[in-house]
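Contents: one structure, followed by commentary.
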Amino acid sequence: MVLAGGRSSRMGSPKSALEWYGSTLLRRTVSIVARAIAGPVVVVRAPGQELPDLPPDTEIRQDPYEGRGPLQGIAVGLAALAERADVAFICSTDLPFLHPAFIHAVLGAVGPDVDVALPVARGYPQPLAAAYRTSLAPLVESLLAADRLRPAFLFEKCRVVRLDDAALRTDPQVAALDPDLDSVVNVNEPGEYEVARARPEPAVTVECFGSAAGRRGSGPHAVRAATLARAAAAISLSLDRHVLAALNGEQITRDDHLPLTAGDTVAFISSDAGG
Amino acid sequence: MPGGYFGRALLVDVTGGRASSLALPEPVLRGYLGGAGLGTWLLHRLAPARVDPLAPEAPLAFVFSPLVGTPLTTSAKFAVVAKSPLTGMLNDALASSHFAISGKLTGHDAIVVRGRCARPSVLLVDGAGARLVDAADVWGLPAADAERELVARLGRGWRVAAIGPAGERGVRYATLSHDGRHAGRGGLGAVLGAKNVKAVAVHAATKVAPADPAAVLAAARDLRARSFGPATAKYRELGTLANLLTFNAINTLPTRNFTAATFAEAPRLAAEDLAEMRRVARNSCASCTIGCEHVYRAGGGKSARVEYENVFALGPLCGVSDPDAVLTASARCDELGIDTISAGGTVAWAMECAERGLLDAPWLRFGDGAALLRALDEIGRRDGLGALLAEGSRRAAAVVGRGSAGFALQVKGLELPGYEPRTLQAMALGLAVNARGADHNRSGAYEADLSGDLDRFAGGEAHVRATVETEDRAAVMDSLILCKFLRGVFTDPFAEWAGLLRTVTGWDVDATELQATARRIVLAKRMFNLREGWTPADDWLPARLLEEPLTLRSGRVASLSPATLRAMVDGYWAARGLDRDGRPTSECAVDLLLTEAVAT
């Protein structure tokens with residue numbers, strides 16, 4: 001679940017629409033969450049809020065109230081997911097370095113006796129990069145009804161496991177691919193956005209097979225690319241209808257905007273695979 | 001008579017050497033086109049119900065098509081259609097090149113062989129009709145050698161389709177070959193061998209004109225130009241073997257009898273390296289501008305035509321990574337005249353049986369190239385373990401028992417091609433429901449899995465739609481006939497195919513009619529199978545694929561549950577207008593034209 005309804009007052013423009021390597025910050029976050037989980041992805045927006053283009057399977061829910069903080073959005077999202085999932089990863093829009101390995105690790109920490117897995121990363125609790133049992137929905141509603149709008153009030157009333165930096169890094173994938181826990185770095189002001197945007201793109205591996213290999217060879221090619229289109233461009237490959245990509249050997253895609261993260265392997269293949 | 005047709009089939013009873021002509025009414029030609037479609041209609045009409053596929057009265061049909069003989073690229077193809085001795089159901093297999101053109105220009109849209117010769121013979125068909133000649137001196141030869149010998153003996157212009165030693169000995173997945181191309185699947189070579197016919201030789205004797213020669217020529221020029229584009233580049237540059245590394249990268253390469261979907265040693269067998277180190281030639285079928293045939297140097301000074309399917313089946317599927325062993329095994333299959341996919345699938349099953357102690361064959365182990373070659377030789381001779389393995393994995397598993405059927409990777413008796421169903425779940429459905437059995441040419445549903453348009457790990461309604469659509473497209477391409485390697489150049493396939501058919505035949509056929517034709521052909525195949533004893537349990541996958549999850553390279557687990565497959569099969573049956581037991585209902589609303597009057 002991605003909460004998109006924040007006011008972005010310090011940023012001065014909607015964070016969901018911030019440009020991110022030819023796409024938007026919200027689209028990146030939604031796609032990263034979709035990569036990490038097996039279930040639906042829900043975006044909760046503010047009343048009347050316009051959203052940028054999102055992947056076609058994204059579900060959009062509207063927060064009935066504006067300005068009541070993240071617990072209101074969490075309530076909407078948990079209600080939307082209660083029938084279909086036991087646990088939801090909930091995050092804000094503005095996490096430009098969110099990594100699927102981090103999401104896996106946080107979700108994996110929700111054991112049978114846990115309601116919330118709350119990262120306490122880089123010195124701060126991260127309620128908007130955390131995992132929640134969907135059965136908490138009634139409790140959240142009751143807190144909202146009592147005007148107790150901060151996530152901390154929820155944590156007082158349920159079973160929370162807190163994951164500090166060391167605990168998060170016990171996950172080998174997190175340790176290898178997100179060692180500085182950049183997943184929780186958020187951007188609230190233009191300056192922070194500029195700094196984030198100036199960072200090197202993630203280091204990924206590109207392989208090419210069949211006709212996609214051509215003169216460039218099959219690789220592997222080590223490149224830096226934030227999206228599928230950037231990876232293709234890095235090896236001077238035209239992403240036309242004759243080329244498809246497989247991310248980490250799994251889903252096949254031709255989504256130019258598909259965000260990449262550190263450690264990804266992209267295989268470009270002929271669209272006429274088989275035969 | 002419409003352009004492109006003669007309107008008759010030649011029926012040859014090789015028992016007494018008699019031939020007759022079967023008139024093919026225009027509604028039948030228009031309703032089934034040719035190739036696999038027309039062959040299906042002929043089998044309905046000519047095969048006695050529940051006939052033993054290896055009995056004299058079982059027909060074997062060489063079926064041509066309206067586009068054969070035109071300059072349209074890839075149109076020089078023919079279908080061989082019979083009841084399969086491997087599956088007991090309808091089987092059609094395509095082969096290519098000059099036999100298609102000369103066979104049609106004997107003046108027939110099909111040549112049907114029935115009966116059994118008293119001694120090994122060759123059937124000759126030319127302008128003078130049909131006759132038999134003695135085949136004693138070519139009996140026992142590999143198909144290619146027999147073909148070469150017969151062409152030398154018969155003279156210029158004769159084209160020969162022949163079987164190898166495996167066909168003579170009734171190996172249930174024996175092939176029938178012409179010019180190195182094989183009507184490979186389902187044991188058609190055994191059907192011809194059971195008739196004591198080593199080969200069929202044809203010589204062109206007449207001509208047939210298209211309805212609009214100028215329009216056909218223009219269409220041929222256009223198609224030729226498009227055939228040089230990026231949609232066919234893969235076939236030109238590396239051939240289908242380019243799939244090997246691709247499939248390995250995307251967890252789709254069946255390995256060690258489908259216990260894994262990646263093969264660590266796949267790069268040793270990759271087209272990219274073989275092409276650089278071993279390629280000796282690239283060839284085309286007659287009338288083809290793609291040129292997909294890549295010939296590589298094999299062991300012992302031999303060469304082998306290499307496709308993805310034979311390298312997959314004789315390599316990763318058997319755990320063999322030595323390119324010399326795999327290419328030699330491929331060449332050996334050609335010499336013996338056996339289908340590489342069924343051979344590899346059956347040997348892989350036997351390797352697993354041997355490693356589990358279910359077969360007394362301690363020499364047979366995954367990864368052992370010498371053992372693979374020994375097994376193939378024994379199959380070809382039907383001696384030792386080969387007597388069992390020549391029956392195919394389904395029959396062999398029935399003999400061995402002890403749970404071995406669960407890892408005999410076949411559907412309806414036909415061994416699976418190199419597409420992992422747990423990571424290609426539209427293809428899983430296509431393999432389960434196809435009339436021919438586990439087959440990638442009559443069901444190209446993997447196209448949908450690899451399109452990025454659906455989740456290939458989670459079968460559902462979209463996968464059902466894709467399976468129906470790709471099966472329909474294959475039914476038309478296999479009946480026109482056009483090579484499927486050309487499919488990527490068509491952006492509006494049914495409309496474009498209807499356009500080609502209009503110029504050749506003069507019919508006012510359109511895309512809608514061709515889509516109905518596709519449904520008719522698919523349904524007619526199913527109706528034939530029903531007549532021959534198909535049951536709902538035949539539209540299903542082996543237990544391994546439904547009970548054993550696959551761990552992918554990323555650590556993700558891929559599985560295909562029985563409930564998911566059940567829902568997809570039920571959805572497919574409903575989409576085809578079949579009832580809940582997969583049998584036709586009145587809602588099928590397709591006239592199969594099976595009662596069309598014919599004259600002989």
Side-chain angles (χ1 to χ4, degrees), chain A residues 34-40 55-57 100-101 104 108 171-173 176-177 205-220 228 237-256 258 263-275, chain B residues 229-252 261-262 267 270-273 292 307-309 417-419 423-424 427 440-441 444-447 449-458 483-485 487-489 491 552-556 558:
Chain A
R35 280 183 50 181
I37 63 166
D57 295 336
H104 278 297
D171 182 290
Q173 292 290 303
L177 302 174
T205 302
V206 174
E207 298 176 305
C208 300
F209 298 103
S211 301
R215 290 177 185 168
R216 65 184 63 82
S218 58
L228 194 67
L237 177 70
S238 174
L239 268 185
D240 60 23
R241 72 182 184 95
H242 302 291
V243 176
L244 289 169
L247 182 61
N248 299 323
E250 296 184 4
Q251 208 55 259
I252 307 291
T253 181
R254 56 172 89 230
D255 177 5
D256 293 9
L258 182 77
D264 280 341
T265 295
V266 176
F268 288 110
I269 64 176
S270 164
S271 64
D272 198 11
Chain B
T232 57
K234 182 185 88 173
Y235 303 108
R236 279 194 307 278
E237 293 167 1
L238 292 172
T240 58
L241 186 55
N243 292 343
L244 191 88
L245 282 189
T246 301
F247 283 16
N248 192 49
I250 62 173
N251 295 286
T252 302
T262 56
E272 289 79 353
D273 285 348
C292 70
E307 302 283 350
Y308 165 67
E309 289 295 342
Y419 297 81
T423 60
L424 296 170
M427 191 58 181
H440 62 294
N441 281 319
Y446 60 82
E447 290 176 34
D449 288 309
L450 299 178
S451 69
D453 295 335
L454 49 72
D455 183 348
R456 66 187 177 105
F457 296 100
C483 180
K484 295 204 187 66
F485 295 172
R487 65 190 185 280
V489 311
T491 53
L552 310 184
R553 195 182 283 117
S554 66
R556 174 178 178 169

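Note that the structure is predicted; figures quoted are calculated from it, not measured. Just so it is clear, the values below take in all heavy atoms, side chains as well, and ignore hydrogens, waters and symmetry mates. The chains referred to below are lettered A, B, ... by the order of the sequence lines, with proteins before strands, and numbering in each begins at 1.
From A:Leu244, atom CG reaches atom CG of B:Leu450 across 7.5 Å, with rounding to the nearest 0.5 Å. Between B:Leu244 atom CG and A:Phe209 atom CZ the span is 10.0 Å, to the nearest 0.5 Å. Residue A:Leu247 holds its CG atom at 10.0 Å from OG of B:Ser554, rounded to the nearest 0.5 Å. Of the inter-residue distances, the one linking B:Thr491 atom OG1 with A:Arg241 atom CZ reads 7.0 Å to the nearest 0.5 angstrom.
Counting all heavy atoms, side chain and backbone alike, A:Gln251 lies closest to B:Leu454 at OE1-O, 3.6 Å. Listed here is the closest heavy atom pair of A:Gly210 and B:Ala242: CA-CB, 4.1 Å. Considering all non-hydrogen atoms of both residues, B:Pro230 and A:His242 come closest at CG-NE2, 3.2 Å.
Looking only at side-chain heavy atoms (C-beta outward), B:Ile250 and A:Ile252 come within less than 4.5 Å of each other.
The contact between B:Asp455 and chain A is made by backbone and side chain atoms together, counting heavy-atom distances below 4.5 Å. No part of A:Ser218 comes within reach of chain B, as not one of its non-hydrogen atoms sits under 4.5 angstrom from that chain. For B:Leu245, the parts lying near chain A are the backbone and the side chain together; criterion is any non-hydrogen pair under 4.5 Å.
With chain A as the partner, the residue from B:Ser451, B:Ala271, B:Gly555, B:Gly488 showing the most heavy-atom pairs under 4.5 Å is B:Ser451.
Applying the salt bridge (Lys or Arg N to Asp or Glu O under 4.0 Å) test to B:Glu237 and every residue at least two apart in sequence or in another chain returns nothing.
A side-chain donor-acceptor contact under 3.5 Å links B:Arg456 to the backbone of A:Glu250.
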